[in-house]
Amino acid sequence: MEDDHERAVSVAALSVQLFTVPTMARMLITEENLMMTIIKTFMDHLRHRDIQGRFQFERYTAVQAFKFRRVQSLILDLKYLLISKPPEWTTALRTKFLEGFYAFLELLKCMQGMDPITRQVGQHIEMEPEWEAAFTLQMKLTHIISMMQDWCSTDEHVLIEAYKQCLAVLTHCHSGFTDGEQPITLTLAGHSVDTIRYCVSQEKVSIHLPVSRLLAGLHALLSKSEVAYKFPELLPFSELSPPMLIEHPLRCLVLCAQVHAGMWRRNGFSLVNQIYYYHNVKCRREMFDKDIVMLQAGASMMDPNHFLMIVLSRFELFQIFGTPDYGKRFRKDSTNKDIVQQNNTLIEEMLHLIIMIVGERFCPGVGQVTAADEIRREIVHQLSIRPMAHSELVKALPEDENKETGMEQVIETIASFKKPGLTGRGLYELKPECAKDFNLFYYHYSRAEQSKAEEAQRKLKRLNEEDTALPPPVLPPFCPLFASLINILQSDVMLCIMGTILQWAVEPNGYSWSEAMLQRVLHLIGMALQEESQHLQNISEDNVLTFTFSEKISRPGEASNTSPSILALLETLQNAAHLEVHKDMIRWILKTFGTIKKIRESSSATVVVETEGNVLEENTRDKDKAERKRKAEIARLRKEKIMAQMSEMQRHFIDENKELFQQSMDELSVSASTSHDNSGPALLDTKMVALGPHQTRFVEQSQLVTCILCQEEQAFHVDSKAMVLAAFIQRSTVFSKNRAKIIQDPDNYDPLFMHPDLACGTHTGSCGHIMHAHCWQRYFDAVQMKEQRRQQRLRVHTSYDVENGEFLCPLCQCLSNTVIPMLPPPRSLYHRLDFSEQPDLAEWVNVTGQQIRVLKELGIEKSADELESSKQTDIPDGFRPAFQPKNPYSDSIKEMLTTFGTATYKVGLNVHPNEQDPRVPIMCWGSCAYTIQTIERILTDEERPLFGNLPCRQDDCLKSLTRFSAAHWTVCPLSVVQKHFSRLFQSIVQQEGSEEAPCILDIDMFHLMVSLVLSFPALQCQDFSGYSLGIGDLHLFHLVTMAHIIQIVLTSSPDDDGMEQECPDGEEEEAALALYRTICQCTGSTMKRWSSGWHLSRAIKTAILPFLRCSALFFHYLNGVPSPTELPVSGLNQIEHLCSFLSLPSNFFNLFKQNPHVTDSLINSWCKHKEMRRYLAAEGAAISYPRESNKLIDLPEDYSSLINQASNFSCPKSGGDKSRAPTLCLVCGAMLCSQSYCCQTDLDGDDVGACTAHTYTCGSGMGIFLRVRECQVLFLAGKTKGCFYPPPYLDDYGETDQGLRRGNPLHLCKERFKKIQKLWQQHSVTEEIGHAQEANQTLAGIEWQHL
């Protein structure tokens, strides 16, 4: 039985179903007085009060939060009750609603002024005061307050009664607010006002004023619903005391200004957080916004001069503006720059507040606007910062009680949607015609947002070659109740403030002022001129124009006869050198002033007035254009002068350093000629040959490379210090055709023959950054030391595992775990003279077979002396089994050859490092072959050219890896490599008495060919008969190619696609059929009949193409032969070019015809293998060619299909219980129960989650998963590495929804899914995880092994 105290399982949870039924809600309010009941119950639970009866919260601990959460469910019930407004009111409903409203006012009264704070002076606050509970309560009540106002707005009687009661409660809260506060009289610019002496910086002040804010909301509703004009006698306007109304909201805004000015630093973070939430989108609608409305309401009922003097007094700036020359004297005497800076910030904030009070008219009731206009303006200003995604916009807009922002109704009219690319999100961009509505001092901008918006708008104007001034926009008219607010702009006190600041700007040395201050004054002047312009346009004949700002700024100041007018000051500032940024704005003000003046002076018809205005504007525009042209010409001349100076300096430098310059010119010409020579054969003779006696002779120029650690340049030679590339080796099942195959006993596993299913390969990648070997060693030792020094308790999982040999590339921070030595072409080092008479295939096979037999018979137990003395007859001529070749490489390079070889062995087999293990060279050859196959497969899938299209990092990696693999035998015992060669050779050419080799259907031929070619020098170095290494490469390649053709014929079956024959059977097709018949004879079976030789030949060509492409890459990098020109990107046309490049006959069936004796016996031995019978009897499934690329699983188009699939998935170990975190493997399609104890398993002594365990069976430790309930892609690599990646599912706005928070319908984006697939195919998942963990340290703290 579950505990019914928990709301989720108690009857209280049913309230949502009862209270949201509109008729039932109204019945419960009317008959059961439910509103009152809920509010009283809520009040009873919050018993802690201070002396004034305000709520007092204990420290907000987890227990406290839990208790509070239970009480908050009552607020939800109230929200459900009010969610639908009544279409009609009854007397009973009015009475009961107002009773509930009065109870709600009592609740707000307990919040009015709670958590008061006092400025800390001298010493920092010792303990942060409690603030979270109060704000949590405020956030929860925000929607209730809005809904109460919505209910009031639907009935005039209710609205009037609510307004009266709210005012009464506020008056009661304020009663005695002058106690102990001394009354004073302020005089400025010929006006006086009585107020109190109150300093926010010294007295208690609270940010919580819900009663004031509710009254502000109701006041705006009186205006919006026109009740204020219909029934003025029913409203208590005569009882109102405007100074009382504005007092507390003004204190709150002054507190924010002082915090910005840094005066409350010692009050700690609790205050910073409160200010943040006060302005935050979640709270501001019923906090900051309503404070502005309250100030507007108060100011509209006061003399504007009196209002401004009280504002100056509260900002503690009255003395600066009230005393002649106070500012000058203060700044000269004071040495305290902090106070000057504080005052400057306070003046800026005060001016900004005045801009807001006069300019913020987009609240319905304050200005003549609708709710849609308000949202429209909010969106315009958000998009003025930068283009935004849908989710960003939604977050920036306030939500109503139904979690709606109203954005969809207006967004199409003001923004255009730009579809997302491969990585980004769909963005809304502001339409150009909306730029005119931009207000630089929009009241919801933070300082950072204002700065970004200003920069973006100026940049846009520069692009459009417009004036960079950002004038205030034309604003909608005020509602009549607030109409008097515009007089603030032309009041004497305002003109005095403007004049004073402009005077400071004119005399920059005598005063400390800021450009931000001037910018705000200019904005205010612009607002006043816009206002006057609007009045002039809308005035009728009967009306007298009361707004005469332009006249007032033309008159000299009243402080003394000598002080100039504001207009004169602006004209002076227009030419001030130190105000370049504001000149456009000053010009705009003077131009607008001129237009207004013309309109005023003109007594003629409106048409003439408009024309004159346009002429003036055009003249001014022409002047501006001419000015800009003049500046551009000056800039051009200056640039030409600088360029001329630079070229003169260069000429002088060349004259003074003639020798040096001549030397470098010589070097350039030499390098140019050598590069020309190198490209000579490529240009003249297009037939490139990569191997064999006719191999294209090409001398690779020594290349200078720079070490990224010491910046020293060096060419890599065999006898110089080793240069290395940072590399990352990983096991891979990306191309596996049999994921179930796992190496059970890696210590005794024999990896010599790779199965064609490529069950698990070893992939090597590199970031391409080059270092000296000794520089890298020093760097790696330093990384290890740093990890050892770090205390155990601080040792969190980093993105690399030092104990496993991992490190980050010093330059690009790419994950690496070893280094590859860079070498010159290794074949040129042990090429001996090529004699003209080279053996054919039959002779070469025979001689090589004899050499292997000799080595086998002599064995390793005989000493060299015995070998010399025993003159055995069957040792072939010129073969010296006792000869030990000299290693051509320097010690540094030899060490790096061993290092990389051991790392490949360790990672590839997942065993401890052992450089003596005979399997080390096998793993190196295997890694080289597998990496080439991987890259060839990717190039084919993406239809990119085989040569010349790889990024530098992959090109360098393949070159270094191939050459390393070719040179690695020099650091291995010769007998070990010879033994490997002998076993590899006997798998194709079977000899009497040799051990049973695997069936050719069980060998991957490219791996075999690479291993044979790379191990052959170990045998050839003891052969002094004159046979070249090149001929051996060629015969080995031909042998493996023939074996592969037989492999293809045995595993392929006639297509049933009914493809029509394009041409009659020729010689090639006949040869194909003859080979097919021979195979049928040898196997003694009747395989499926081919309809024609053309079909068979085509099937063989298609199947052998990947092998030929891989071989071309391999020999290109091994022998350093330039790539063949004109190789087609795709299709069977490549075969002819590849055959030419690889010394194969264009009709490769001729391989069998040229050496009939050898080939017949070879085919016979291959087909008679005992395993072959099993395959032919269809007992074993052979891999067919060409192998198809593996792809990630197909995902459904609609994400809801996946959610349905996951909801039906139950945990396999919990007796049918639903899985809490169903996770889909994107590699094999298995659904797993992730992040759950039930499905944890033991892996090498560690408890790991289902996903981590699955990676070891499915992806050799690397996996890609989709967490269905979170809509999140999960990358895992090993037990300690992982990261989350954006899913391939997007909503209609081109955005992902990780966590399914927004709930929009999601659809598969094929491009993004392809990107994830590409990361997987290119083995870049581990690299992606490394970069993500470096960028986000929190990822390193997640215990990935438990997922």
Are the side chain of [X] and the backbone of [Y] linked by a donor-acceptor contact shorter than 3.5 Å?
X	Y	value
Glu128	Phe269	yes
Arg54	Gly113	yes
Lys552	Gln490	yes
Asn305	Ser491	no
Glu374	Cys363	no
Ser313	Met309	no
Glu203	Val205	no
Arg285	Thr142	no
Thr500	Cys496	yes
Ser300	Phe482	no

(request) Using the side chain to side chain contact (heavy atoms under 4.5 Å, CB included) rule, take Phe441 and Glu454 through it: C-alpha gap first, then chi angles, then the decisive distance, then the call. (result) CA-CA 10 Å; Phe441 295 99; Glu454 181 178 8; over 6 Å; no
Looking at side-chain heavy atoms only, is the closest gap between [X] and [Y] below 4.5 Å?
X	Y	answer
Trp504	Leu518	no
Met585	Leu470	no
Leu215	Leu245	yes
Tyr442	Pro473	no
His444	Gln382	no
Ile275	Ile207	yes
Val369	Arg361	no
Arg520	Ile501	no

(request) Let me know which of Val293, Leu235, Leu481 forms a side-chain contact (heavy atoms from CB on, under 4.5 Å) with His219. (result)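 Answer after filtering Val293, Leu235, Leu481: Leu481.
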(request) Only one of Ile125, Thr118, Val200, Val272 passes side-chain contact (heavy atoms from CB on, under 4.5 Å) with Trp264; say which it is. (result)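 With Trp264 as partner, Ile125, Thr118, Val200, Val272 yield a single side-chain contact (heavy atoms from CB on, under 4.5 Å), made by Val200.
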Nearest 0.5 Å please: distance from the [atom1] atom of [X] over to the [atom2] atom of [Y].
X	Y	atom1	atom2	answer
Met302	Ile488	CE	CD1	9.5 Å
Cys173	Leu105	SG	CG	9.5 Å
Gln319	Leu186	CD	CG	11.0 Å
Lys452	Ser446	NZ	OG	7.5 Å
Leu170	Met294	CG	CE	6.0 Å
Met498	Leu570	CE	CG	9.5 Å

[Y] versus [X], side-chain donor and acceptor atoms under 3.5 Å:
X	Y	result
Glu316	Gln342	no
Thr370	Asp373	yes
Asp303	His191	no
Ser225	Glu156	no

Please report the closest heavy-atom contact between [X] and [Y], naming both atoms and the distance.
X	Y	result
Ile357	Phe478	O-CZ, 4.2 Å
Ala396	Arg284	O-NH2, 3.3 Å
Leu397	Val281	C-CG2, 3.5 Å
Leu218	Cys166	CD1-CB, 4.0 Å
His279	Cys256	NE2-SG, 3.9 Å
His381	Asp437	CE1-O, 3.5 Å

(request) Begin from the C-alpha positions of His124 and Gln120 and carry the test side chain to side chain contact (heavy atoms under 4.5 Å, CB included) through to its verdict. (result) CA-CA 7 Å; His124 196 282; Gln120 285 288 122; over 6 Å; no
(message) Taking the basic N atoms (NZ, or NE/NH1/NH2) and the acidic carboxylate oxygens, is any pair closer than 4.0 Å for Glu349 and Arg314?
(response) no
(message) Assess whether a salt bridge exists between Glu286 and Lys290, defined as any Lys/Arg side-chain N lying under 4.0 Å from an Asp/Glu carboxylate O.
(response) yes
Tell me if the [atom1] atom of [X] is crowded by more than 12 foreign heavy atoms within 6.0 Å.
X	atom1	answer
Glu233	CD	yes
Phe101	CZ	yes
Lys230	NZ	yes

(message) Quick one, Asp291 with Arg213, criterion side chain to side chain contact (heavy atoms under 4.5 Å, CB included). Give me CA distance, side-chain angles, the key distance, then yes/no.
(response) CA-CA 6 Å; Asp291 282 347; Arg213 290 161 187 159; 2.9 Å; yes
(request) Show your reasoning for whether side chain to side chain contact (heavy atoms under 4.5 Å, CB included) applies to Met494 and Leu351. (result) CA-CA 10 Å; Met494 189 72 245; Leu351 292 169; 4.3 Å; yes
(request) Verify the ring-centre separation between His352 and Tyr443: is it less than 6.0 angstrom? (result)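 No, too far apart.
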(request) For the residue pair Trp131 and Tyr277, categorise the inter-ring angle as parallel (less than 30°), tilted (30 to 60°) or perpendicular (more than 60°). (result) tilted
